[in-house]
Protein chains: 2
Amino acid sequence: MASPVAALHEARTSVGARRSEATEAAVLEAFVELLAEVGYAAITMEAVAKRARAGKATIYRWWPTKAYIALSLISKAKVELPTPQGLSLRSDLIDYMTRVLGMWRGDAGLPVGVLVRHCYAEAWSDPALAAALQSERLERWTLLNDMLQSARDRGELPAETDLARAKDFAMSWPLYLLMTDQVPEPDAIARMVDDTLNGLRAGLSRPPSPDT
Amino acid sequence: MASPVAALHEARTSVGARRSEATEAAVLEAFVELLAEVGYAAITMEAVAKRARAGKATIYRWWPTKAYIALSLISKAKVELPTPQGLSLRSDLIDYMTRVLGMWRGDAGLPVGVLVRHCYAEAWSDPALAAALQSERLERWTLLNDMLQSARDRGELPAETDLARAKDFAMSWPLYLLMTDQVPEPDAIARMVDDTLNGLRAGLSRPPSPDT
DNA sequence: CTTGCAAAACGAAACGTTCCGTTTCATATA
DNA sequence: TATATGAAACGGAACGTTTCGTTTTGCAAG
């Protein structure tokens with residue numbers, strides 16, 4: 001299960017030294033530090049290399065653009081999400097969103113939301129990055145998918161609910177709030193979840209109702 | 001009603017030569033051409049100046065960054081939206097979204113969605129741009145606001161609906177689809193609107209329901 | 001098992017190139 | 001007189017590549 005970024009590189013065909021994990025870690029760490037110090041836009045590959053004591057060639061060898069470094073960090077930031085309790089969709093969602101939004105906000109030190117925003121923007125002019133982002137998205141939200149499926153099985157959602165679409169729909173409202181600098185404080189997350197639930201419960205895959 | 005970008009320089013009180021509208025138009029036109037030719041990321045102020053036969057100093061005089069040029073274009077792209085029919089919220093929304101998504105997609109020649117995405121990303125590291133974007137957003141979606149208010153007056157939405165929040169909510173699903181390269185084709189817009197309507201009709205400002 | 005060798009990755013430095021954002025100049029407009 | 005403009009030139013920064021010498025790895029010959 002390679003990360004989307006690592007998947008860009010083929011398996012070894014011949015002998016030789018292996019990729020240095022120490023260097024990779026140093027690069028990512030340097031990027032995080034620079035992000036906090038100068039902001040995403042002002043980060044240069046040159047500065048990352050210097051800070052990480054890595055050769056520029058080495059960095060370009062593994063990451064075509066700084067957006068790919070950001071994507072590496074996004075991929076690494078996903079492991080800490082808990083398993084859903086399965087008591088109710090609402091409580092599961094509140095639990096899930098609380099952690100996701102906290103991660104975006106940077107409660108664990110790294111403001112992942114900043115990286116997400118820039119990655120999406122750059123992906124528009126970089127099809128390969130867009131593809132990597134999409135697979136990252138699919139992999140990341142499996143937990144949300146399980147959550148919705150359980151809820152459907154329990155009868156909390158209409159039986160004909162399109163899970164993939166429901167998953168996207170459930171993330172659209174939080175992502176909008178991220179994009180517009182309105183990420184809810186913890187005490188407002190329940191309200192956000194309820195907004196989304198109204199849409200989900202009504203049945204997301206229903207055929208269009210007749211006009212007027 | 002100056003655009004957010006122009007408003008940055010509106011306070012000019014001097015007596016001398018005035019800003020050249022011809023130059024402004026040439027710069028915007030050059031930007032549009034370059035966007036189609038090389039993509040947003042590859043656009044440089046240098047190339048814009050050369051293409052527009054404008055001095056670099058002149059461009060920096062009016063637009064601090066290329067993101068502000070993009071914002072100027074976004075602001076100019078909003079005039080063509082029609083007035084809502086007021087027959088039903090659903091038909092109004094379909095009408096509105098069809099035009100907005102067409103504009104994003106670039107049906108009128110300029111793919112505004114690309115500009116929107118990059119502007120939002122850059123706004124994260126540029127508070128002034130973020131503020132300009134927000135006021136742009138407020139101004140742009142007044143039509144949507146009217147639409148929702150009419151629907152609430154007609155009883156199509158709960159009386160206690162928070163219009164500002166409903167407006168944001170209604171745009172979040174389309175914007176997510178824009179960000180993830182899934183902008184619906186015209187025949188799928190009705191479905192998208194229905195998804196949103198389910199959330200709206202249930203009452204967006206209801207107090208949170210009790211746990212489980 | 002040991003030794004040798006080719007393949008690969010690495011840090012470091014240097015390279016030409018492009019773009020940045022500013023400054024200078026002469027000219028045009030109010 | 002005050003300001004805006006096009007054009008040109010500027011130093012500086014970052015780009016992305018290329019070189020170099022060194023280290024790590026796998027395989028194959030001895």
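Numbers restart at 1 for each chain; the letters A, B, ... are given by sequence-line order, proteins then strands.
- For the contact set between residues 52-61 of chain A and DNA chain C, defined by any heavy atom under 4.0 Å, the members are A/Arg53, A/Ala54, A/Gly55, A/Thr58, A/Arg61.
- Put simply, B/Thr23 has no side-chain N or O that comes within less than 4.0 Å of OP1 or OP2 on D/dA4.
- Residues meeting the side chain to side chain contact (heavy atoms under 4.5 Å, CB included) test with A/Ala26, sequence neighbours left out: A/Ala52.
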Each nucleotide N or O in nucleotides 2-7 of chain C that has a protein N or O under 3.5 Å away: list the pair and distance.
unit_1: C/dA7; atom_1: O3'; unit_2: A/Ser14; atom_2: OG; d: 2.8

For residues 145-153 of chain B, run the donor-acceptor check on the side chains, cut-off 3.5 Å, and write out each pair with its distance to 0.1 Å, sequence neighbours left out.
unit_1: B/Ser150; atom_1: OG; unit_2: B/Asp146; atom_2: O; d: 3.0
unit_1: B/Arg152; atom_1: NH1; unit_2: B/Thr161; atom_2: O; d: 2.9

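- Annotation: proximity of residues 36-50 of chain A to DNA chain D (heavy atom, distance under 4.0 Å) is found for A/Thr44, A/Met45, A/Glu46, numbered in ascending order.
- In terms of phosphate contacts, A/Trp62 brings no side-chain nitrogen or oxygen within less than 4.0 Å of OP1 or OP2 of C/dA9.
- Rounded to whole angstrom, the span from the NZ atom of A/Lys66 across to the C1' atom of D/dA14 amounts to 11 Å.
- Looking only at distances, no side-chain donor or acceptor of A/Thr65 sits under 3.5 Å from a matching main-chain atom of A/Tyr68.
- Across the protein-nucleic acid pair, A/Trp63 atom CH2 and D/dT17 atom C1' stand 18 Å apart, rounded to whole Å.
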Could you pull out all donor-acceptor pairs under 3.5 Å where a side-chain atom in residues 177-190 of chain A meets a protein atom, sequence neighbours excluded?
unit_1: A/Thr180; atom_1: OG1; unit_2: A/Tyr176; atom_2: O; d: 2.9
unit_1: A/Thr180; atom_1: OG1; unit_2: A/Gln182; atom_2: NE2; d: 2.8

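- Note on residues 24-34 of chain A: pairs passing side-chain hydrogen bond (donor to acceptor under 3.5 Å, both in side chains), not counting sequence neighbours, are A/Glu33-A/Arg51.
- Here B/Ala49 pairs with B/Lys56, B/Ile59 under the side chain to side chain contact (heavy atoms under 4.5 Å, CB included) rule; sequence neighbours left out.
- Applying the ring pair (Phe, Tyr, Trp, His ring centres under 6.0 Å) test to residues at least two apart or on different chains, the pairs with a partner in residues 106-152 of chain A are A/Tyr40-A/His118.
- In this view, B/Thr23 and B/Ser20, B/Val27, B/Ala54, B/Thr58 satisfy the side chain to side chain contact (heavy atoms under 4.5 Å, CB included) rule, not counting sequence neighbours.
- Every residue was checked against the salt bridge (charged side-chain N to carboxylate O under 4.0 Å, His left out) condition with B/Asp126, not counting sequence neighbours, and none meets it.
- B/Thr142 is linked by a side chain to side chain contact (heavy atoms under 4.5 Å, CB included) to nothing, counting only residues two or more places apart in sequence or in another chain.
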